[in-house]
Protein chains: 2
Amino acid sequence: MCQEYDGYARRTVELARDEALGLLASVPFGRIVFTSNALPAIRPVNHLVDSEGFVVVRTRLLSGLAALMRPGRSVVVAYEADEIDPVRRIGWSVVVTGLARTVTTPERVAEYGRTLQPWVEPRTAAVITIEPTIVSGLRLVA
Amino acid sequence: MCQEYDGYARRTVELARDEALGLLASVPFGRIVFTSNALPAIRPVNHLVDSEGFVVVRTRLLSGLAALMRPGRSVVVAYEADEIDPVRRIGWSVVVTGLARTVTTPERVAEYGRTLQPWVEPRTAAVITIEPTIVSGLRLVA
């Protein structure tokens, strides 16, 4: 019965690291942010968050990113997820920033192959982990 | 009654420019992507799309970006919005890439002050337009 916007501006509250990672782990997809041909680039992708807080993605949608990541090379990316109610104007957004690396160890590739199913074109998907070096998050509150 | 995931991988269909801009205009918020201290950065913000396809945002959440934009200077950003159903794994994502500029003309600042109300802390918000130089979009289909 209270699904209307109350007319007041929102304020933002910063989230602690653990709460932010917990929220990120509670949703199945987000958006990976990187630089492609000197331009900012962003693509939606589904993810999981492992026990160490690494964000793991696995999809061919990342081909633009994967092309930057030659074997042994890593690039800094940001990964964002949010849940925002546009009617009530409340919700949260979490951003993880850190090195993205391609997983090459066969055991770990196999493990993520079981636990993380890409939504799009599974067969050609690489597994990429993002190190949670910087974790920031905010909550929009009434 | 069909709100379940059917178990099949999705495929992506590219959207034409007009359709993509129409979808972007149909939702009230998205995420602005830029480079801050040499790191990829992303923040959620509410927007409108004007009659020429420019994305207009107005919020203090952009302070990180606004600091980059000294008077007369423009920076390239990406702006993303999406509507994705994580259960059925269908939806769309649109990305606009182009120059972001601070609006300084008093008439235009006043116009956007009326038509675009920032969700957070209105008084200190700058008006920023993003030129739709590159418009890309994809639809996730079953």
Side-chain angles (χ1 to χ4, degrees), chain A residues 5 7-12 27-46 59-61 75-98 100 117-123 125 133-134 136 138 140-142, chain B residues 5 7-12 27-46 59-61 75-98 100 117-123 125 133-134 136 138 140-142:
Chain A
Y5 174 51
Y8 292 95
R10 299 317 189 201
R11 63 191 174 85
T12 56
V27 295
F29 77 97
R31 299 145 199 98
I32 191 160
V33 175
F34 55 104
T35 301
S36 179
N37 297 321
L39 293 176
I42 175 170
R43 284 170 190 246
V45 60
N46 61 308
T59 169
R60 198 171 157 244
L61 276 178
V75 294
V76 175
V77 305
Y79 191 81
E80 192 264 0
D82 57 49
E83 277 193 324
I84 295 173
D85 177 339
V87 175
R88 298 172 66 199
R89 302 187 181 179
I90 56 176
W92 57 266
S93 168
V94 167
V95 181
V96 168
T97 308
Q117 188 181 35
W119 292 3
V120 181
E121 296 169 294
R123 285 187 187 80
T133 305
I134 306 172
S136 65
L138 58 86
L140 275 177
V141 297
Chain B
Y5 174 51
Y8 291 96
R10 299 319 189 198
R11 64 190 174 84
T12 55
V27 296
F29 76 97
R31 299 145 199 100
I32 193 159
V33 176
F34 55 104
T35 302
S36 177
N37 297 322
L39 292 175
I42 175 169
R43 286 173 188 243
V45 61
N46 62 306
T59 171
R60 199 169 156 245
L61 277 178
V75 296
V76 175
V77 304
Y79 192 83
E80 193 262 1
D82 56 49
E83 277 193 325
I84 294 173
D85 177 339
V87 176
R88 298 170 67 199
R89 303 186 181 181
I90 56 175
W92 57 266
S93 168
V94 167
V95 181
V96 168
T97 309
Q117 188 182 34
W119 292 3
V120 181
E121 295 168 294
R123 286 185 186 82
T133 305
I134 304 171
S136 65
L138 59 85
L140 276 177
V141 297

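Each chain gets a letter, A, B and so on, in the order the sequences are listed, and its residues count up from 1.
- Looking at B/Ile134, only its side chain comes within 4.5 Å of chain A, counting heavy atoms on both sides.
- In this structure B/Val27 satisfies the side-chain contact (heavy atoms from CB on, under 4.5 Å) test together with B/His47, B/Ala81, B/Glu83, B/Trp92, sequence neighbours excluded.
- Between the CD atom in A/Glu80 and the CD atom in B/Glu80 there is a gap of 8.0 Å [rounded to 0.5 Å].
- We find the CG-CZ distance between A/Asn46 and B/Arg10 to be 12.0 Å, quoted to the nearest 0.5 Å.
- The choice from B/Thr97, B/Val95, B/Ile42 that makes the most heavy-atom pairs within less than 4.5 Å of chain A is B/Ile42.
- Within the 4.5 Å cutoff, side-chain heavy atoms of A/Asp82 are placed close to those of B/Arg31.
- Between A/Arg11 and B/Val120, the closest heavy-atom pair is CA-CG1, 4.4 Å.
- In this structure, chain A has a heavy atom under 4.5 Å from the side chain of B/Pro28, while its backbone stays farther away.
- A pairwise comparison of heavy atoms in A/Pro86 and B/Trp119 identifies CA-CH2, 3.8 Å as the closest pair.
- The two atoms that bring B/Ala41 and A/Val33 nearest to each other are O-CG1, 4.4 Å, heavy atoms only.
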